[in-house]
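Convention: sequence-line order gives letters A, B, ...; per-chain numbering from 1.
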Amino acid sequence: MVTLADDLQPLHHPKTWIGKYVWSQDHKVIAIQYSLTAVAIGLVALVLSVLMRLQLGFPGSIPWIQPDNYLQFVSMHGMIMVVYLLTALLLGGFGNYLIPLMVGARDMVFPFVNMLSYWVYLLSVIVLVAGFFVPGGATGAGWTLYPPQAITEGTPGYQWGIVTMLVSLAIFIVAFTMGGLNYVTTVLQARCKGMTMMRMPLSVWGIFIAAIMGLLAFPALFVAAIMMLFDHLAGTSFFMPTIFSMGQISDTEGGNPILFQHLFWFFGHPEVYIVALPAFGIVSDLISVHARRNIFGYRMMVWAIVIIGGLSFVVWAHHMYVSGMNPYFGFFFAISTLIIAVPTAIKVYNWLLTLWRGDIHLRVPMLFAIAFIFTFIHGGLTGLFLGNVSVDVPLSDTMFVVGHFHMVMGVSPVLVIFGAIYHWYPKITGRMYNKTLGQMHFWFTFLGTYATYLPMHYIGVLGVPRRYYALGDTSFIPDSVSTANAGITIAAIIVFVAQALFFINLTWSYFRGKKADPNPWGASSLEWLTPDTPPTHGNWGEKLPTVHRWAYDYSVPNAERDFIPQNEPPSNEPPS
Amino acid sequence: MPVAIVIAALVVGSVLFHLVSPWWQTPIASNWSSLDVALDVTLWICGLAFIVLNLFLAYVVWRYRHREGHRAHYEPENASLEKTLTFWTAVGIVGMLTPGLAAWAKYVNVPQDAAMVEAVGQQWQWTYRYPGPDGVLGAAGVMHITPDNSLGLDPTDPFGRDDKIIESSEMRLPLDKPVKLLLRSKDVLHDFYVPEFRAKMDLVPGIVTYFWMTPTVAGDFGILCAELCGVGHHEMRGNVVVEPQAAFDEWLSEQITFGEILEQASPASRSEMFATADVCVGTSIWSNP
Ligand code: HEM
Ligand SMILES: [Cu+2]
Ligand SMILES: [Cu+2]
């Protein structure tokens with residue numbers, strides 16, 4: 001069988017530095033470009049979160065944080081974290097790096113489109129950042145951008161900030177589509193000989209399904225963004241009824257704000273899983289490798305990913321139980337939402353059962369994976385509160401929601417990302433990270449984020465609303481809430497500062513780290529079996545690998561080592 | 001090793017935190033204890049899962065940590081174990097959904113005898129309207145708004161004449177009487193939220209949303225806005241006084257009706273109001289049932 005990206009197609013190796021590192025079509029370089037850009041913009045979002053926390057924990061301590069820029073910080077923080085950091089990093093970064101290496105391809109199927117994807121993404125980030133500098137500043141409509149307020153006076157950035165935001169999102173979606181088509185096609189068409197779908201590592205499965213979901217979900221956001229741009233700039237009324245705002249009757253008529261919410265969450269809920277599924281896949285691999293044990297229930301894990309991906313398109317309105325939509329929808333969406341918990345729980349069980357009877361090496365990536373299981377269990381369970389329609393009524397739009405989604409889609413994927421970076425760092429750079437710094441980074445991040453988010457749930461149950469610049473005098477809020485808020489802020493600042501350990505470690509190790517073994521963890525999957533470390537353009541040297549087994553042959557009885565590489569033929573078969 | 005101990009400690013610590021935390025629900029002041037029951041059931045089931053799963057995590061990390069000569073067990077799958085776990089998960093889900101959906105069935109079924117009260121949101125304040133003796137709220141819509149007709153009642157609708165207009169941030173409700181709150185926004189989304197009542201609902205410009213409840217405790221409760229509505233969102237406050245029917249009736253009788261507003265208005269203001277009645281009625285909001 002001849003596959004795309006096969007030996008038959010000679011690769012054109014670039015000769016110049018610019019061709020290698022700037023206008024590169026090598027999936028590994030593009031992955032690094034994506035990752036560095038995502039992390040850079042993510043740091044902006046992180047700084048914004050610290051500013052918000054300072055205002056909430058120590059109100060008024062920074063006099064220039066006012067209600068308007070506070071809301072701008074909230075909105076930009078949320079959108080950057082979800083879209084420009086996590087989506088870009090997990091798909092553009094990890095997807096690009098891992099897919100060709102793990103399925104045994106020389107590159108993505110469309111390397112040129114892949115390169116374009118990055119540059120268009122970069123453009124979207126530039127337009128996004130431009131929002132801070134346009135007249136009126138960035139949008140302060142919340143990351144959900146609900147109309148009418150997103151485009152009416154009274155909301156910061158309603159003039160131009162919302163325009164740059166919507167335009168940036170539209171550009172991002174173009175970039176994502178180019179990348180996503182590549183990931184899907186590469187998985188379907190460019191797997192090496194012997195790499196059946198059911199032999200692929202779960203990382204690839206997670207990214208593959210997430211990419212498909214992105215291709216189906218982002219268009220909803222795209223049309224919503226374009227329609228809102230029309231409402232704002234061309235005077236249409238897709239989302240705008242007649243309103244009386246700031247002393248004037250608008251000349252809009254007949255539009256429906258709830259329509260936007262449906263479109264937004266038809267994208268927004270799958271988006272949660274676009275972030276979660278790659279993390280699920282990657283963490284499965286980290287756990288299996290470092291516990292020296294086959295992933296437990298591989299087939300169930302694959303089906304769970306597929307089922308979660310499918311079901312996540314029919315749960316979106318659980319974000320809208322109190323939106324004013326027909327309340328009878330609540331029955332349907334509560335049931336569909338809680339059904340998703342079943343495949344999700346199966347994943348958790350299977351991670352635990354992979355550790356069970358394993359031989360667990362508590363290396364830094366494994367520490368992050370274990371912490372992920374803990375935070376994901378926590379965040380997943382609080383999701384059941386919010387999904388269970390009548391429990392959501394008192395909790396919606398409170399700090400409970402903020403605690404929940406940070407635990408489940410902030411902390412959990414970020415822990416996986418850290419673990420994954422430590423795990424693949426030796427392959428990517430050819431050097432080992434510093435263990436002690438890695439462990440310190442782990443402890444501060446894990447314990448610090450838990451201390452940040454656990455109390456938030458409680459003040460949310462009390463009734464403290466989210467997106468509040470200040471609580472002011474509110475009869476039901478006792479003084480102890482300010483103590484909680486101060487504590488949360490201190491924990492968040494510790495987490496923030498501790499990230500320096502990560503950056504110092506990676507930078508220092510890049511130049512000074514110990515030379516890495518090509519396969520330091522004794523992993524079976526193909527990316528560890530490249531002839532060069534770091535892998536060079538074309539990945540596999542002269543000959544593509546041939547796969548003879550799944551990616552999880554760890555501690556096979558009677559095998560001489562505790563792992564069997566995927567390209568090793570069965571012992572009764574003569575070596576090819 | 002330390003990570004196993006820390007995970008176990010976090011489980012114990014979280015449970016302790018839960019027990020000693022001074023932050024939990026406010027004392028309930030409405031009929032919605034069924035929402036609290038649903039929350040409690042969800043909490044017990046999820047709490048149990050949290051404890052069991054994470055203690056198991058701590059245990060396996062400790063028990064199967066790497067030691068010299070130790071080798072992992074090779075076992076690709078175990079269908080019967082997976083089936084058992086799936087089954088018990090499904091049981092837990094049904095256990096949570098049952099009280100959850102039962103409470104929701106009550107939430108969406110407004111009792112026939114619920115009195116109607118309207119709360120109107122605008123950036124960033126609350127105003128209210130009560131029906132007069134006819135028990136019906138007159139038609140209203142933003143296109144009817146003039147300086148003297150701030151809630152936008154249709155001046156030609158006879159049902160609106162006896163409506164009581166409350167242009168202050170304080171509303172009142174009679175104790176132990178079911179009430180259907182009709183919610184209307186003039187400008188952007190808002191959300192009527194009284195933590196002690198548990199219930200909440202968004203206000204959406206262009207349509208009338210609603211929820212119902214029965215206040216069960218007399219007192220003065222704060223109303224917050226729980227849907228982002230611009231820079232004044234955190235300052236959009238009101239309050240609701242719950243008091244016995246007699247006191248409520250007396251308070252209501254002192255409030256001005258829309259008919260009185262029309263009478264007292266200057267001729268210029270009145271003709272301004274009636275001029276709005278000529279605009280295209282296709283877009284008006286009909287809030288009488
Ligand atoms: C140390 C790290 C972080 C801190 C301290 C932090 C803090 C905050 C704070 C204070 C808010 C505003 C809450 C409110 O009043 O409504 C917020 C909102 C938000 N955060 Fe984070 N955050 C962090 C990381 C993340 C990550 C990794 C994500 C990725 C999913 C994320 C996603 C969001 C979203 C979606 C919002 C909602 C924005 C909105 O209400 O429109 N955050 N965060
Ligand atoms: Cu969702
Ligand atoms: Cu508001």
A/Gln261 vs B/Leu189, side-chain contact (heavy atoms from CB on, under 4.5 Å): CA-CA, chis, key distance, verdict
CA-CA 11 Å; A/Gln261 301 182 24; B/Leu189 304 176; 3.4 Å; yes
Please evaluate residues B/Val11 and A/Phe374 with respect to the criterion side-chain contact (heavy atoms from CB on, under 4.5 Å), reporting the C-alpha separation (whole Å), side-chain torsions for both, the decisive distance (0.1 Å), and the verdict.
CA-CA 9 Å; B/Val11 173; A/Phe374 179 84; 4.2 Å; yes
Stepwise side-chain contact (heavy atoms from CB on, under 4.5 Å) check, B/Leu228 with A/Thr144
CA-CA 10 Å; B/Leu228 181 56; A/Thr144 47; over 6 Å; no
Passes side-chain hydrogen bond (donor to acceptor under 3.5 Å, both in side chains), A/Tyr349 versus B/Thr89? Steps please.
CA-CA 10 Å; A/Tyr349 302 147; B/Thr89 310; 2.7 Å; yes
Steps toward side-chain contact (heavy atoms from CB on, under 4.5 Å) verdict (B/Val61, A/Leu362):
CA-CA 9 Å; B/Val61 169; A/Leu362 292 170; 4.0 Å; yes
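When all heavy atoms of B/Leu101 and A/Ala334 are compared, the closest pair comes out as CD2-CB, 3.9 Å. A/Tyr458 and B/Ser21 get closest at one heavy-atom pair: CD2-OG, 3.6 Å. Taking every heavy atom of both residues into account, B/Gln123 and A/Glu153 meet most closely at OE1-O, 3.6 Å. Across every non-hydrogen atom of B/Pro76 and A/Asn294, the tightest pair is CA-ND2, 3.2 Å. Closest heavy-atom contact between B/Val60 and A/Ile360: O-CD1, 3.6 Å. Across all their heavy atoms, A/Ser390 and B/Gly100 have their closest contact at OG-O, 2.7 Å.
Under the 4.5 Å side-chain criterion, counting only non-hydrogen atoms from C-beta, B/Trp24 is not in contact with A/Ile459. B/Ile93 is not listed as a side-chain neighbour of A/Ile339, based on a closest heavy-atom distance of 4.5 Å or more. You'll find the side chain of B/Val231 stays beyond 4.5 Å of the side chain of A/Tyr70, heavy atoms only. Within the 4.5 Å cutoff, side-chain heavy atoms of A/Val393 are placed close to those of B/Trp104. A/Trp443 places a side-chain heavy atom less than 4.5 Å from the side chain of B/Val3. Contact annotation: the side chain of B/Tyr193 approaches that of A/Thr398 to within less than 4.5 Å [non-hydrogen atoms, C-beta and beyond]. With contacts defined as side-chain heavy-atom distances shorter than 4.5 Å, the pair A/Phe331/B/Val108 qualifies. Here the side chains of A/Leu338 and B/Val94 are not in contact, with every heavy-atom distance at 4.5 Å or above.
Interface residue A/Ile346: only side-chain heavy atoms are found under 4.5 Å from chain B. Contact of A/Ile335 with chain B is made through backbone and side chain together, with heavy-atom distances under 4.5 Å. For A/Thr474, the parts lying under 4.5 angstrom from a heavy atom of chain B are both the backbone and the side chain. At a 4.5 Å heavy-atom cutoff, B/Tyr59 makes no contact with chain A through either its backbone or its side chain. The contact between A/Ile370 and chain B is made by backbone and side chain atoms together, counting heavy-atom distances below 4.5 Å. Using a 4.5 Å cut-off between heavy atoms, A/Leu395 contacts chain B through both its backbone and its side chain. Residue contact with chain B, scored on non-hydrogen atoms closer than 4.5 Å, involves the backbone of A/Ala291 exclusively. Only the backbone of A/Tyr554 comes within less than 4.5 Å of a heavy atom of chain B; no side-chain atom from C-beta onward does. For A/Asp359, the parts sitting under 4.5 Å from any heavy atom of chain B are the backbone and the side chain alike. For A/Arg466, the part lying under 4.5 angstrom from a heavy atom of chain B is the backbone only. Looking at A/Pro147, only its backbone comes within 4.5 Å of chain B, counting heavy atoms on both sides. Proximity to chain B (any heavy atom under 4.5 Å) is shown, for A/Ala559, by both the backbone and the side chain. In this structure, chain B has heavy atoms under 4.5 Å from both the backbone and the side chain of A/Ser480. Using a 4.5 Å cut-off between heavy atoms, A/Ile249 contacts chain B through its side chain alone, with no backbone atom that close. Contact of A/Pro465 with chain B is made through the side chain alone, with heavy-atom distances under 4.5 Å. Residue B/Val41: no heavy atom, backbone or side chain, is found under 4.5 Å from chain A.
For the atom pair A/Tyr450 OH and B/Leu10 CG, the distance stands at 6.0 Å (nearest 0.5 Å). Distance CG/A/Asp397 to CG/B/Leu224: 11.5 Å, rounded to 0.5 Å. Rounding to the nearest 0.5 angstrom, the gap separating the CD atom in B/Glu227 from the OH atom in A/Tyr146 is 6.0 Å. The CZ atom of A/Phe296 lies 5.0 Å from the CD atom of B/Glu82; values are rounded to the nearest 0.5 Å. Taken to the nearest 0.5 Å, the CZ atom of B/Phe56 stands 6.5 Å off from the CH2 atom of A/Trp356. Separation of atoms CG (A/Asp553) and OH (B/Tyr74) is listed at 4.0 Å; rounding is to 0.5 Å.
Outside the 6.0 Å centre-distance limit, the rings of A/Phe476 and B/Phe221 are not counted as a close aromatic pair.
Heavy-atom neighbours of A/Asp251 CG from other residues, nucleotides or ligands within 6.0 Å: at or below the threshold of 12. Counting non-hydrogen atoms of neighbouring residues, nucleotides and ligands closer than 6.0 angstrom, the CG atom of A/Asp473 reaches no more than 12 such neighbours. Sparse packing is recorded around CD of A/Gln248, with 12 or fewer heavy atoms of other residues, nucleotides or ligands lying under 6.0 Å away.
Listed by sequence position, B/Tyr64, B/Arg65, B/His66, B/Arg67, B/His70, B/Arg71, B/Ala72, B/His73 are the residues of residues 63-73 of chain B in contact with chain A, using a 4.5 angstrom heavy-atom cutoff. Within residues 194-204 of chain B, the residues having any heavy atom less than 4.5 Å from a heavy atom of chain A are, in residue-number order, B/Pro195, B/Glu196, B/Arg198, B/Ala199, B/Lys200, B/Met201, B/Asp202, B/Val204.
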